[in-house]
Each structure stands twice: as structure tokens, then as C-alpha cells.
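The next block holds one structure in the form of C-alpha cells; read it before the comments.
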Amino acid sequence: MGSSMDSLMGRDKGGGGLKPTNRVTSFDVARRAGVSRSVVSAVLNGTPGIGVSAETREAVLEAIRELGYEVNAQARGMRTGVSHCIAVCGSTTNPLFLQALEGIQQACVKLGYHVLIYGEETKAAGGRGGLLNLYRQRRIDGILTLDSAGRDDEEWAEATREAAVPYLSIEGYPEQEAVPSVNVDYRASVLEAFDWMKSRGASLPDYLLFWSAPGEEEWAERERREAYLGAMKEFGGEPIVVTIREGDEAAIVRYWDDRLQRGGGMPALLVNWSTGLHGLLREADRRGLRAGRDFRLMALDNTLRINRQLLPSIACMEIPYAEMGRNAAERLIAMLTSRPGSRAEWPDPAAGERSGVKALFRAELFAGESV
DNA sequence: GCGGCTTCACATAATTTTAT
DNA sequence: ATAAAATTATGTGAAGCCGC
């Protein structure tokens with residue numbers, strides 16, 4: 001029997017129970033189980049403060065099963081102000097993004113959240129501004145972005161602050177304390193690569209720095225280059241940094257000419273981008289040189305997950321994007337749940353900076369045959 | 001004074017009804 | 001005609017009631 005309140009609301013008039021819609025609601029479950037809607041809610045959510053006996057609980061669950069009831073997320077969100085959905089922004093043509101997404105997805109499933117993919121290339125949607133609208137529309141609870149390493153877009157950061165949207169960047173804002181982010185310790189990755197090469201008896205490496213677009217050197221590249229210079233200094237070697245535009249085969253030919261002319265034992269090469277490997281290996285092959293046999297080669301990122309599929313497999317520092325994604329999602333969701341039901345108060349100035357705004361990830365060594 | 005439950009109020013935004 | 005209030009969808013949770 002419906003309670004008096006529900007009767008007054010006219011929800012069970014007419015005995016036959018004709019409702020405005022034929023969707024199953026918590027009201028139907030409550031009626032079937034002989035309880036109020038609040039109890040149905042409590043059973044579903046384990047609401048503290050509302051006790052439910054074992055029999056009642058079973059009756060409710062039974063009714064839910066029988067009726068095939070599912071919570072109306074729209075209505076729930078109306079009350080709680082929470083959508084249990086986060087937006088992930090990045091370029092879907094970028095394999096790194098997909099790797100990060102893999103981890104994000106895992107974390108979200110585990111924590112009961114959903115992912116809304118916001119392709120960055122859909123400029124039609126108004127760029128990233130559309131993300132903020134999604135938040136205002138209560139469709140999402142927070143935002144993750146995969147940025148190019150070291151990106152520091154103050155305008156966007158300001159916009160997220162203005163909108164008071166929980167936000168976390170993967171790879172962006174490494175030096176911006178105010179913006180929570182997940183970053184990579186690129187310096188450490190270079191040092192670790194050095195250690196590995198050294199442990200295998202390699203000589204001090206040249207640094208081949210590939211780049212694709214003109215403009216200011218990115219933070220990540222600066223970190224790596226400086227780490228290389230620092231390491232060479234430490235080991236008393238002469239640093240040799242060769243910058244090569246991606247796809248510039250002639251520059252690669254020139255490099256090999258120079259390097260072979262220089263002599264001095266087996267060449268050792270440290271490469272910033274895996275994507276630069278192809279040309280390097282192709283030209284080496286033309287000269288009958290094989291990585292691991294005639295020269296040492298190591299990449300500082302494996303961003304396309306290709307290294308281990310090459311022959312010989314190329315040693316590299318693997319950037320753990322999936323794990324970074326997982327961590328990012330976990331931390332963003334922790335932000336959301338740390339202040340229950342108070343999205344209007346985020347972020348409160350005092351909380352502005354608890355520790356752990358940044359998470360530093362270390363690249364993992366992939367010990368390929370090339371060193 | 002507590003477990004187990006109900007009641008009541010309220011969340012949103014468009015639409016409809018009632019009051020001025 | 002215009003403004004104000006109620007109603008609609010449905011779920012949540014603080015407050016309150018009942019019986020032991």
C-alpha cells in the first residue's frame with residue numbers, strides 16, 4: 001500500500017495504477033515491497049542513519065529484481081547535484097591519449113564513474129570552452145585533460161578556476177602549483193637511461209633531439225636536454241646534441257656520416273622520441289649497421305608502444321601513460337568526493353593547496369636488445 | 001534511547017494553473 | 001495581461017515517530 005503522502009501526491013490513484021509513464025520508479029518498488037521510497041533509496045545507497053532490517057532489505061531487493069528497476073540517474077542527480085561522470089579531453093588521434101584513457105577508464109569503473117570523451121579536435125564544439133559548459137549543465141562533475149608535456153595555458157587554467165570546476169591535467173602545468181597535475185620526471189628518465197647504457201658498457205651517448213614544430217622548446221624537451229648535459233658533465237664527456245626535424249632524412253644521413261667519421265669506438269645514441277627511430281635505423285641499415293651489434297641505441301620514450309616490436313627491440317624509457325591516467329582519475333574523483341554535495345564551494349581558498357597537487361611519475365626501463 | 005521505518009522538504013526547469 | 005505560484009518527472013536524506 002502506498003503511504004498517505006504518496007497517495008496525496010496522486011501517484012497510486014485508481015487502483016489500476018496508471019502512471020504518467022510506464023517506467024518503473026522507486027515508488028513502484030516501494031509499493032511492491034510494502035515500504036516507503038526512502039527505504040528503497042536506503043537499501044540502494046546504504047544511507048547511514050536509515051536502518052533497514054534484513055527482511056525488509058530482501059523484500060526491496062526482491063521487488064527490484066521482479067520489476068527490473070533501475071535508478072533514474074537524472075532524478076538522482078537533481079537531488080545530489082552529482083552526475084558521476086567526468087569528461088576526458090584530449091586528441092583521439094593521439095595514441096598517448098588512448099593509453100591514458102585506458103587507465104582512466106579502469107579507475108572510473110572501479111569507483112563508479114563514467115567517462116565522457118571530449119575530443120580536442122572537435123573545434124566545432126567551441127574548443128575547451130564547451131567542457132566548462134558541460135560542467136555548468138551538470139553533465140559532468142570534473143575534467144581531465146591530456147596536455148602536451150609542459151603545457152601551461154594560463155588562460156584555460158584561469159577559466160577552470162573561474163568555473164570552479166574540479167580539474168586535473170595529465171602532463172601539463174608541471175611547474176604551476178595551483179593546477180593539479182600528473183607529470184613525468186623526465187630528468188630522472190634520462191639519468192636512468194644513462195645508468196642502463198653505462199651498465200652495459202656503452203660509451204657516453206650523443207643526444208639526438210627530434211622535433212616536429214617550430215616554436216619554443218617544450219618543458220619536457222628542456223628537462224631531458226638539460227639532464228643529458230648535466231649527466232655528460234658529471235661523467236666528463238663532451239656533450240653532443242643533434243637536433244633533427246622529424247622526417248628530415250638528409251639530416252640523419254649527415255649525422256651518420258659525422259658520427260662514423262668521428263670514430264672512437266662503438267657509437268652510442270640516445271634519442272628523445274621513438275618516432276625518430278625509424279629514419280635512424282633505416283639509414284643505419286643502409287650502411288650495414290645493426291643496433292645492439294654495431295652501435296648502441298636507446299629511446300627516451302616509447303610513446304607508440306613500438307619499441308618492443310622492432311627488431312632488434314629498442315631499449316627505452318617507457319612513460320607509463322595508463323598508470324598516469326589511472327592516478328589522474330583517482331585523484332580527480334577523490335577531489336569530488338572529499339566535499340560531498342558541495343560543488344558550489346569548490347575550490348575553497350583554504351583548501352587551495354593541500355599536498356599532493358602534483359604527482360610525479362617515473363618512466364620505466366624497457367631493456368631492449370639495442371644496448 | 002535506539003532500531004526501523006515514515007514523513008516531509010527539496011533538488012531542476014519547463015509548463016500549467018491561479019491570483020492580481 | 002501579467003505576475004506569481006503550483007505542478008511534473010523521481011530520488012535523497014534530515015527529522016521525526018513508534019514500540020520495546
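Quick note on labels: first sequence line is chain A, next is B, and so on, each numbered from 1.
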Residues forming a salt bridge (charged side-chain N to carboxylate O under 4.0 Å, His left out) with [X], sequence neighbours excluded:
X	value
A:Lys198	none
A:Asp153	A:Arg151
A:Arg187	A:Glu223, A:Glu226

Pull out every residue in residues 58-74 of chain A that has a heavy atom closer than 4.0 Å to any atom of DNA chain B, ordered by number, or say none.
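None, since no heavy atom is under 4.0 Å.
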Anything under 3.5 Å between a protein N or O and an N or O of nucleotides 2-5 of chain B, put it in a table, one pair a line.
residue, atom, partner, partner atom, Å
B:dC5, OP1, A:Ser53, OG, 3.1
B:dC5, OP1, A:Thr56, OG1, 2.3
B:dC5, OP2, A:Ser53, N, 2.5
B:dC5, OP2, A:Ser53, OG, 3.4

Relative orientation of the end axes in the helix from B:dG1-C:dC20 to B:dT20-C:dA1, expressed as an angle to the nearest 10° (five pairs per end):
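Comparing the first five pairs with the last five, the axes sit 80° apart.
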Identified side-chain contact (heavy atoms from CB on, under 4.5 Å) counterpart of A:Val165 within the set A:Leu132, A:Leu134, A:Leu131:
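Only one option passes, and that is A:Leu132.
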By side chain to side chain donor-acceptor pair (under 3.5 Å), which residues pair with A:Arg326, not counting sequence neighbours?
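Only A:Gln106 meet the side chain to side chain donor-acceptor pair (under 3.5 Å) criterion with A:Arg326.
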What heavy-atom pair brings [X] and [Y] nearest, and what distance separates the two atoms?
X	Y	result
A:Asp152	A:Gln176	OD1-OE1, 3.1 Å
A:Asn272	A:Asp301	O-OD1, 3.3 Å
A:Val357	A:Glu177	CG1-O, 3.3 Å

Given C:dG11, is OP1 or OP2 found less than 4.0 Å from the side-chain N or O atoms of A:Ser26?
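So the side chain of A:Ser26 is within the cut-off, an N or O lying under 4.0 Å from OP1 or OP2 of C:dG11.
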Rounded to whole Å, please give me the gap between CZ in A:Arg37 and C1' in C:dT12.
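Distance check: A:Arg37 CZ to C:dT12 C1' gives 9 Å.
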Grab the CG-C1' distance between A:Asp28 and C:dT10 for me, whole Å please.
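In whole Å, C:dT10 C1' and A:Asp28 CG are 11 Å from each other.
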May I have the list of side-chain donor-acceptor pairs in residues 362-371 of chain A shorter than 3.5 Å, sequence neighbours left out?
residue, atom, partner, partner atom, Å
A:Arg362, NH2, A:Glu192, OE1, 3.3
A:Ser370, OG, A:Leu297, O, 2.6
A:Ser370, OG, A:Ala315, N, 2.9

Could you list the protein-to-nucleotides 11-14 of chain B atom pairs, N/O on both sides, closer than 3.5 Å?
none

Nearest 0.5 Å, what's the OH-CD1 distance between A:Tyr113 and A:Ile86?
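If I round to the nearest 0.5 Å, the distance is 8.5 Å.
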Hphob cluster co-occupancy, A:Val241 + A:Leu300, side-chain heavy atoms under 4.5 angstrom:
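In one cluster: yes.
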Kindly indicate, with the supporting measurements, whether the criterion side chain to side chain donor-acceptor pair (under 3.5 Å) is fulfilled by A:Trp273 and A:Glu221.
CA-CA 10 Å; A:Trp273 287 357; A:Glu221 294 311 334; 2.8 Å; yes
Measure the shortest side-chain to side-chain distance between A:Ser189 and A:Val184 over non-hydrogen atoms and say whether it is less than 4.5 angstrom.
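No, their side chains stay 4.5 Å or more apart.
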Using nucleotides 18-20 of chain C, report all nitrogen or oxygen pairs with the protein that are shorter than 3.5 Å.
none

Please, which pairs that meet ring-ring contact (aromatic ring centres under 6.0 Å, His included) have at least one residue in residues 229-272 of chain A, sequence neighbours excluded?
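For residues 229-272 of chain A: A:Phe194-A:Phe235, A:Trp256-A:Phe295.
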Taking only residues two or more places apart in sequence or in another chain, which ones pass ring pair (Phe, Tyr, Trp, His ring centres under 6.0 Å) with A:Trp156?
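For A:Trp156, the residues satisfying ring pair (Phe, Tyr, Trp, His ring centres under 6.0 Å) (neighbours in sequence not counted) are A:Tyr167.
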